[in-house]
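Every chain is numbered from 1, with letters handed out A, B, ... down the list of sequences.
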Amino acid sequence: MDILLALVTALLVLSGSIFAFAAAVGLNRFPDLYARMHAASKAGTVGSALMLIAVGIHAADLAILARSLAGFFFFVLTAPVSAHLLAKASHESGYPLSDISVQDEMKRSQAEI
Amino acid sequence: MTAQSITQFSVNVGLVVVSITFLLTVWRVIKGPTLPDRVIALDMLVGIVMGFIALIAIRTGFTLYIDIAISLGLVGFLATVAFARFILSRKRRGGEDGSPPEPEPKRPAAKEPRKAATPAAVPVAAGPAGAVALAEAGQANLAAAPKEAAPRAPISKSEATKASAAKVKIAKAKAAKKAASPAEPAAAKQVPKTAAKTLSKPPKPMVPRKPAAKKESP
Amino acid sequence: MTTYIFNVIFAVVWVAITGSATLLNLVFGFLVSAAALWIVRGEISAPGYWRRVGRILSLVRLFFKELAMSAFRVAVMALSPNLKIKPGIFAFPLTVDRDFEITLLANLITLTPGTLSVDVSEDCKTLYVHALDCSDPDAARRDIAEGFERKIMEAFR
């Protein structure tokens, strides 16, 4: 039982840290603001959330698990909101997409108005 | 015993990987060509620190750290929302200064000198001078992609030399001259010299700073 | 909808009063409050209450599945040696029209593979979505319309 718990904890910790690492690599490699937001808001969020759950499972206590799950839900539900706000703010203040972007229907519709 | 060693091993590996992640993200904060880039990286730093706290909670056994992680997540979320408001409001003020119907031509004009600096000088300015160089010579050292900058940002050779000279004095690194000088002809090659007049506003903050830097250097 | 909010509030109050913040106690408080609300069902009249719980749970399950998939795909994309992405913003015509549903849909879109909601138009009819792979925007539009939007309509209509 102990070994099972330890294995689950180890799996969560390692996969969480690898997700966070991939997010940081994406943050440095992606060409523009909006693509970087993908990396930070998805892979980064999932990485830290997995590590939070690992604490709850490692403790093997329902109260602590409930608390870590509360933190998990809070973090997962707020990350898209902040990413969306940032994307909206930076698009509205005119930061352009990178040159390799295929299309920008939002800009076109604003120009028509 | 083995269960404990498995946990310890995974937590140690996780700490190493998360540390590398942290450094990579800090690199984006320093380098990030625009303000939103830095805000994204800061937002992700909060997440990484939450991961750190979780790992330390496993390692030490103090599960009270979870509450700290949750409250840190709250603060980080509020900070990101506040930064988004700030980005929006900064644009609005820029629109009020110029002509309200056309804020578009103003922003690219303000951004062009950022891309003018030579990419070779970036590690120099970011390395020794750190945050100071970021704050003071921020307009100069943020060359994102030279390919991208070439068609969009025409700049004369004198502008490039001014920018790099001011930066060298701020950083007080002699190596920067060596790094910057071979790249200047490249910048000059791409650019028609007649375009110097189009950049009226951006160099102004650099010019008054130049004599001040001269006073310091001897 | 208000019934659910009341149910959750009652469960939280139950946990606060009993003073033991465990998951089990929260679930028990949820059941107790659901029973209490069931007694007064004639007053608040919520037809298909339990049927909807199943649909909301399936929405939650879909959410976590998509979250895991999207994180995995972005991670693979970031770590792959040659970066071939075609980012772009496409417009998505909204069928749902209530503010709550639009918010939920925008959040879910942000957590699907390779898409990130950027803005809603003034009249709340169009959602602008940034996609990492925008080579085929019609397929992406169809995916969202047949996946999340349909689920949301099922759960809250």
Side-chain angles (χ1 to χ4, degrees), chain A residues 15 18-35 37-47 49-50 61-67 69-70 76-81 83-84 86-92 97-98 100-110 113, chain C residues 15 20-27 60 63-64 66-92 103-104 106-122 126-137:
Chain A
S15 52
I18 286 172
F19 269 125
F21 178 72
V25 170
L27 205 63
N28 277 289
R29 283 184 68 193
F30 282 159
D32 70 344
L33 189 59
Y34 304 95
M37 229 167 262
H38 282 274
S41 72
K42 288 172 201 162
T45 306
V46 169
L50 284 181
D61 184 355
L62 255 187
I64 293 164
L65 184 63
R67 245 188 301 162
L69 276 182
V76 164
L77 291 183
T78 54
V81 177
H84 161 73
L86 257 181
K88 180 180 148 79
S90 47
H91 197 284
E92 246 174 55
L97 274 76
S98 76
I100 68 166
S101 296
V102 183
Q103 58 173 358
D104 188 356
E105 289 186 351
M106 187 169 165
K107 199 171 188 174
R108 203 187 304 151
S109 70
Q110 280 173 352
I113 296 166
Chain C
V15 167
S20 65
T22 63
L23 187 65
L24 206 61
N25 199 24
L26 185 69
V27 171
V60 169
F63 170 78
F64 279 107
E66 292 286 337
L67 176 64
M69 267 178 59
S70 76
F72 184 71
R73 261 197 233 172
V74 170
V76 167
M77 228 178 255
L79 293 177
S80 66
N82 53 344
L83 204 63
K84 44 172 189 290
I85 57 174
K86 290 178 186 158
I89 293 181
F90 66 85
F92 175 74
T103 313
L104 192 63
N107 267 7
L108 289 176
I109 283 173
T110 301
L111 291 164
T112 39
T115 54
L116 179 96
S117 56
V118 177
D119 201 359
V120 184
S121 63
E122 290 283 325
T126 317
L127 190 67
Y128 295 104
V129 181
H130 182 267
L132 269 186
D133 182 14
C134 203
S135 51
D136 190 2

Looking at every non-hydrogen atom in both residues, tell me the closest pair between [X] and [Y] and how far apart they are.
{"X": "C/Val118", "Y": "A/His91", "value": "CG1-CB, 4.2 Å"}
{"X": "C/Ala78", "Y": "A/Ala22", "value": "CB-O, 3.5 Å"}
{"X": "C/Ser70", "Y": "A/Lys42", "value": "OG-CD, 3.7 Å"}
{"X": "C/Leu116", "Y": "A/Tyr34", "value": "CD2-O, 4.3 Å"}
{"X": "C/Asn107", "Y": "A/Leu77", "value": "ND2-O, 4.1 Å"}

Quiz prompt | Value rounded to 0.5 Å, distance of NE2 in A/His38 from OG1 in C/Thr110 | solution =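 Here the rounded value is 9.0 Å.
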
Quiz prompt | Nearest-0.5 Å distance, CG of residue C/Leu127 to NE2 of residue A/His84 | solution =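 Reported to 0.5 Å precision, the distance equals 8.0 Å.
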
Quiz item: Has A/Arg29 got more than 12 heavy atoms of other residues, nucleotides or ligands less than 6.0 Å from its CZ?
Solution: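 Yes.
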
Quiz item: Measuring heavy-atom distances to chain A, does C/Ala131 have an atom under 4.5 Å in its side chain, in its backbone, in both, or in neither?
Solution: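 The answer is the backbone of C/Ala131.
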
Quiz item: Where on C/Thr115 is there a heavy atom nearer than 4.5 Å to chain A: the side chain, the backbone, both, or neither?
Solution: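 Backbone only.
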
Residue [X] versus chain C: region with a heavy atom under 4.5 Å:
{"X": "A/Ala35", "answer": "both"}
{"X": "A/Val81", "answer": "both"}
{"X": "A/Phe30", "answer": "both"}

Practice problem: Compare all side-chain heavy atoms of A/Val46 with those of C/Phe72 and state whether any distance is below 4.5 angstrom. | Solution: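 Side-chain contact under 4.5 Å: no.
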
